[in-house]
Amino acid sequence: DTGVSQNPRHKITKRGQNVTFRCDPISEHNRLYWYRQTLGQGPEFLTYFQNEAQLEKSRLLSDRFSAERPKGSFSTLEIQRTEQGDSAMYLCASSFFSGASYEQYFGPGTRLTVT
Amino acid sequence: GENVEQHPSTLSVQEGDSAVIKCTYSDSASNYFPWYKQELGKRPQLIIDIRSNVGEKKDQRIAVTLNKTAKHFSLHITETQPEDSAVYFCASYSGYSTLTFGKGTMLLVSP
């Protein structure tokens, strides 16, 4: 499978626990994006990387959230001290950004439930 | 920042009818407008997109039109089939970092 993959697909955690999600982009894609999607809404941008550099973070991304892409390949998104409001689908997308190409391809998402 | 409005929120059609979903955007610098289809429990899938230097683009039964002056773009699906039932999202890219999405349209095609 050469598409974007995410693990785990589902995560149930108790409030206050830390969780970490992983995203593996399409190989050779230089940009990787994290979005959050809640029921009945479109994806909302959280942060993105170009290669290993984190270039932008949304104000939706509180200081409990941290993302890394250490070698410019896979990325992790960590949420510390989870809250019930963090329950959502976390989507990863990747693209080969060249200035002339903008297409983003999404992974299947990680559904987080905070109890 | 960019704001994308999408209408209608739900759309029910009979199989074989056409469906039209409309979006407006606020940032006149936006230059790329993709449409995604998301089936229940699945990832958003890119189905068609259009650049700001093009007014219309077709791919089999789907087409997208763009009116830069009015800052709106539309998705047209002809000869709808039950497998077209899904949530459709429009989005815009304003040359910054990422996409801004509309809230989605749930399309239901009845046999």
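Every chain is numbered from 1, with letters handed out A, B, ... down the list of sequences.
For B:Pro44, the parts lying near chain A are the backbone and the side chain together; criterion is any non-hydrogen pair under 4.5 Å. For A:Leu91, the part lying near chain B is the side chain, with the backbone staying farther off; criterion is any non-hydrogen pair under 4.5 Å. Looking at A:Glu44, neither its backbone nor its side chain comes within 4.5 Å of chain B, counting heavy atoms on both sides. For B:Gln38, the part lying near chain A is the side chain, with the backbone staying farther off; criterion is any non-hydrogen pair under 4.5 Å.
For the residue pair A:Glu56/B:Thr98, the side-chain donor-acceptor check at 3.5 Å is not satisfied.
Of the candidates B:Val20, B:Ile77, B:Thr105, B:Leu11 forms a side chain to side chain contact (heavy atoms under 4.5 Å, CB included) with just one, namely B:Thr105.
With hydrogens and angles ignored, the 3.5 Å screen pairs a side-chain donor or acceptor of B:Thr78 with a backbone N or O of B:Arg61.
Environment of CD in A:Glu78: crowded, with over 12 heavy atoms of neighbouring residues, nucleotides or ligands closer than 6.0 Å. By the neighbour-count criterion of 12 heavy atoms within 6.0 Å, atom CD of B:Gln60 is sparsely surrounded, having that number or fewer from other residues, nucleotides or ligands.
For chain B, the option among A:Gly109, A:Ser95, A:Gly40, A:Gly107 with the highest count of heavy-atom pairs below 4.5 Å is A:Gly107.
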